[in-house]
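Heads up: numbering here begins at 1 and tracks the sequence. Side chains included, hydrogens not; waters and symmetry mates left out as well; all remaining heavy atoms used.
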Amino acid sequence: FQHIKLPSNIKEDELLKIIENLNNDDVVDGILVQMPIPKHLDANKVQNSILSCKDVDGLTDINAGMLVHNKDGLIPCTPMGIIDLLDHYNIPIEGKNVVIIGRSNLVGKPLANLMTNKNATVTLCHSKTNNLPFYTNNADILVASVGIPNFITEDMVKPGAIVIDVGINRLPDGSLCGDVDFTNVKEKASYITPVPGGIGQMTVAELAVNTYKAHILKKDLTKWEDKNNLNSWEKVQAARSSMRPTALEYIDRLTKNFYELHGDRLYGDDKSVIGGIAMFGKQPVTVVGLQKGMDTKDNIYRNFGMPQ
């Protein structure tokens, strides 16, 4: 991948020009801008300057709208990783009460749409929600994405719930923890994801899936926004169907990251994330990441060569 590090005081028009050049670069399949960005930059404008067919973060208005309408697009990686993880472990979503804490555009909102599209009954909680334990204690599937260490305690979880911890927080002693009090909640939940080694791994895997999908879109769609191009949309659906089993096999081998109380086993020994990206196809795939706040001219480029 090409990692472009930019000074935190970069002008907005300079950043937009860089993105425009990447949009026009046929070698680049996917583009993401690491959020948050400096306050003098318009995050919505920056995100929507990325071609929707290269938007591997799934944050453009077009991709967000496709998700709302349950149409195939590029979906934010963390929510899609949660869905694939539940599917892989044959945990049903349909008919379940799903409570999501956190309404960000990157996790909470798209996950609410994904769960709704899977026929769950979804409650989206946030900082203004009154009596939060009332909702969490009724959750069959509880997702925490608030960025507060150990925010979800044992008394907020009903027995047998599935608990998904999206948060990752660094404590004063340098250790990492999630938004869930893992040690105590695991005694009450039927399934729970650890931090680190849980949903973060899924996010990386889904980014690889989105990058490959963007590669297919670039090849098969003459114009991403052309909704009358039914043949192209059929190709996209076929591409998604053909690559998703491969992605799930990779996810299983890479992460196995549910803490399964039935066997008292904590998975997640295989931490090799980047090396597995080459499993997603036979074509070279390139993803570009932009990161603000680093005043350096060093660019790192790697083209992941797919096995022939």
Side-chain angles (χ1 to χ4, degrees), residues 1-69 71-80 103-111 113-114 203-204 206-229 232-233 236 284-304:
F1 62 93
Q2 183 180 0
H3 187 189
I4 303 174
K5 298 180 180 180
L6 303 170
S8 58
N9 62 350
I10 188 172
K11 294 180 179 178
E12 187 173 275
D13 59 344
E14 293 174 344
L15 175 58
L16 294 176
K17 182 61 178 178
I18 292 172
I19 294 174
E20 180 184 1
N21 291 337
L22 295 171
N23 283 336
N24 295 328
D25 188 344
D26 288 338
V27 174
V28 176
D29 297 290
I31 304 168
L32 65 86
V33 176
Q34 185 66 49
M35 295 291 167
I37 59 177
K39 293 182 179 179
H40 71 280
L41 301 171
D42 184 336
N44 185 63
K45 184 176 182 180
V46 169
Q47 287 169 346
N48 281 286
S49 69
I50 299 171
L51 282 178
S52 55
C53 60
K54 293 188 177 187
D55 170 33
V56 289
D57 250 349
L59 292 176
T60 60
D61 291 349
I62 289 175
N63 279 321
M66 297 289 284
L67 177 57
V68 169
H69 290 281
K71 294 183 180 295
D72 199 39
L74 293 172
I75 299 170
C77 301
T78 299
M80 194 66 237
R103 54 180 171 180
S104 70
N105 291 334
L106 189 60
V107 179
K109 290 178 182 177
L111 182 58
N113 283 310
L114 284 168
T203 300
V204 174
E206 295 293 346
L207 176 60
V209 173
N210 265 0
T211 304
Y212 182 62
K213 185 177 178 183
H215 175 75
I216 297 297
L217 288 169
K218 187 180 69 175
K219 288 179 59 179
D220 290 340
L221 290 182
T222 56
K223 188 176 182 182
W224 169 254
E225 288 82 2
D226 183 3
K227 298 176 179 60
N228 295 319
N229 194 342
S232 291
W233 281 112
V236 172
V285 176
T286 303
V287 62
V288 167
L290 301 178
Q291 177 180 339
K292 268 64 61 194
M294 301 290 290
D295 192 3
T296 175
K297 295 182 179 179
D298 293 335
N299 291 342
I300 303 172
Y301 176 82
R302 179 182 297 173
N303 192 24
F304 291 104

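- Checking side-chain atoms of Asn48 against main-chain N and O of Asp61 turns up a donor-acceptor pair under 3.5 Å.
- Taking the side chain as every heavy atom from C-beta outward, Asp57 and Val33 never approach each other to under 4.5 Å.
- From Leu114, atom CG reaches atom CG of Leu67 across 5.0 Å, with rounding to the nearest 0.5 Å.
- For the side-chain contact (heavy atoms from CB on, under 4.5 Å) criterion with Ile50, the lone passing option out of Val56, Ile31, Leu22 is Ile31.
- For Asn23, there are no side chain to side chain donor-acceptor pair (under 3.5 Å) partners at least two apart in sequence or on another chain.
- Using a 4.5 Å heavy-atom threshold, the side chains of Thr78 and Leu111 count as separate.
- By the 4.5 Å heavy-atom criterion applied to side chains, Lys213 and Asp72 are counted as neighbours.
- Of all heavy-atom pairs spanning Val68 and Asn113, the tightest one is CG2-ND2, 3.7 Å.
- Evaluation of the salt bridge (charged side-chain N to carboxylate O under 4.0 Å, His left out) test over residues 6-25, restricted to residues two or more places apart or in two chains, returns Glu12-Lys45, Lys17-Glu20.
- Contact annotation: the side chain of Leu41 approaches that of Ile10 to within less than 4.5 Å [non-hydrogen atoms, C-beta and beyond].
- Contact between Pro38 and Ser8 at its shortest, heavy atoms only, is CG-O, 3.3 Å.
- Residues Asp29 and His215 share a closest heavy-atom pair of OD1-ND1, 2.9 Å.
- With sequence neighbours left out, the side chain to side chain donor-acceptor pair (under 3.5 Å) criterion links Thr60 to Asp55, Asn63.
- Residues Glu206 and Val209 have side chains in contact (heavy-atom distance under 4.5 Å, counting atoms from C-beta outward).
- Across Ser104 and Pro110, no two heavy atoms sit closer than the pair O-CD, 3.7 Å.
- The one candidate from Leu74, Val28, Thr211 that meets the side-chain contact (heavy atoms from CB on, under 4.5 Å) condition with Lys54 is Val28.
- Among all heavy-atom pairs drawn from Pro76 and Pro79, the shortest one is O-CD, 3.3 Å.
- Applying the 6.0 Å contact sphere to NE2 of His69 captures no more than 12 heavy atoms from other residues, nucleotides or ligands.
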